[in-house]
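The chains referred to below are lettered A, B, ... by the order of the sequence lines, with proteins before strands, and numbering in each begins at 1.
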Number of protein chains: 2
Amino acid sequence: MSYDLLKQHIKKNVNLSVTELNQICDYFKPLSFKKKEFLLSQGSLCRFEGFVTEGCFRVFTLDKKGNENTLYFAAKDWWLMDIDSFMHQTTSDLNMQALEDSEVLLINREDKIALYEALPTVEKLFRIMFQKGLVSWQRRLVRNHCLTAKERYFHFIETYPDIASKLTDKQIAGYLGIRHEFLSKIKKSEN
Amino acid sequence: MSYDLLKQHIKKNVNLSVTELNQICDYFKPLSFKKKEFLLSQGSLCRFEGFVTEGCFRVFTLDKKGNENTLYFAAKDWWLMDIDSFMHQTTSDLNMQALEDSEVLLINREDKIALYEALPTVEKLFRIMFQKGLVSWQRRLVRNHCLTAKERYFHFIETYPDIASKLTDKQIAGYLGIRHEFLSKIKKSEN
DNA sequence: CAAAAGAGTTGAACAAGTTCAACTAGCGAA
DNA sequence: TTCGCTAGTTGAACTTGTTCAACTCTTTTG
């Protein structure tokens, strides 16, 4: 059952009773997405947070020049959120698109706020999750400054082989912040 | 009094009574740093989190090639933390150095954990802070991918004029992820 | 199945940013 | 005051990554 994955995920971060875990799960509703379908488009309001239980999503921005910049990929066991739009109900800059047929557990804004109130441990859960997230974004920025595109490419495919194997080179290039033509040249060059 | 700044900072994020604010402040001890002094050096364990009440710090890493990469500057009203080293007591990759004579309110690891337990609202406070932090790191990475060094330079000095005015060009270059020689050329070129 | 759209490759010309070395200017400490 | 250190500047050669256009190969779709 898809809720099991969410429960496992939560248990990795905080201690909660079975009852409490079920209570949390009650707030989440499963939803399916077909390949290429959008869970969120820029310009709209983000009314939910999602936990991926099957498949994979790409979260990206589109700048004025039409360049797609991928913030992250969300495979099974990852969260999908536009924190800023969700919390402040401002229009979103992000797009979330299914890379393959996917399943997500969704919680909407009102329920998330209610959940924080109902179970204070959920504050701790998300405090820890955001804390971890912050660290990995910091590290990613440092890698962007210190490493060449080639080094970043190999770091990515070695760190996330399962995700990388689902992606086109164009999508990987968008994540690394380079043009796909250049990624093609990187792959051709000796290791 | 330096604690007032911390109280104001907290009140911007969560609702707490005067008593509770004082209770939080009790966990923090003031400490002074002379210009160029280090609050943390890479290789050591980070045993504290700090809130800057006066002055300014630079938080940076040093890679194998000897390049300094600045993660962020922490002026008055900013936090100084190495989240990873602090939480998991692993050796730190970060250096925190005072750019001028500075004052910090410090809380150590045991007290931070105790504070989370004593006042559950503190979980919420840090959940919100980390959440905001995560958003700004995401945005910074996107800027790094989409903007040129020149655009990033102007974005920085326009967004943080007060901090920028305290910094040398070398330090700004380290933050932008470019060599200082190139920053010199950017500044010389027409706007 | 056929047509069209998208993914990947390649080369040539170009732009962005680095490296190194040499120089100038200013500041801090003794 | 003087010495030495660090910051900043500049130019030339170089490396990294982009752009554009042309082409091939798959995949999707009607």
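In this structure, Arg140(B) is positioned above the aromatic face of Tyr175(B), its NZ or CZ under 6.0 Å from the six-membered ring centre and within 45° of the axis. Judged by a 6.0 Å distance limit and a 45° cone about the ring axis, Lys112(A) is not positioned over the six-membered ring of Phe28(A).
Where Gln171(A) and Lys36(B) meet DNA chain C, the nucleotide closest to each residue was compared, and Gln171(A) sits on the side nearer the 5' end.
The aromatic rings of Phe126(A) and Trp79(A) sit perpendicular to each other, their planes meeting at more than 60°, with 30° as the lower class boundary.
Annotation for Leu183(A) and Tyr153(A): closest pair CD1-CD1, 3.5 Å, computed over non-hydrogen atoms. Residues Leu176(B) and Asn144(B) share a closest heavy-atom pair of O-OD1, 4.2 Å.
Within 4.0 Å of Lys35(A), counting heavy atoms only, lie sugar-phosphate atoms of the nucleic acid but no base atom.
Taking only side-chain atoms of Ser184(A), from C-beta outward, the nucleotide of dA7(D), dT10(C), dT28(D) with the closest atom is dT10(C).
Between the NZ atom of Lys170(B) and the C1' atom of dT6(D) there is a distance of 6 Å, given to the nearest Å. dT16(D) atom P lies 16 Å from atom CG of Leu176(A), rounded to whole Å. Residue His180(B) contributes atom NE2, which lies 12 Å from atom C1' of dA21(C) at whole-angstrom precision.
Phe73(B) and Phe57(B) have their aromatic ring centers separated by at least 6.0 angstrom.
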Dump every N/O contact between nucleotides 11-20 of chain C and the protein below 3.5 Å, one line per pair.
residue : atom : partner   : partner atom : Å
dG11(C) : O6   : Lys185(A) : NZ           : 3.4
dA12(C) : N6   : Lys185(A) : NZ           : 3.0
dG17(C) : OP1  : Ala149(B) : N            : 3.2
dT18(C) : OP2  : Arg179(B) : N            : 3.2
dT19(C) : OP2  : Arg179(B) : NE           : 3.3
dT19(C) : O4   : Lys185(B) : NZ           : 3.2

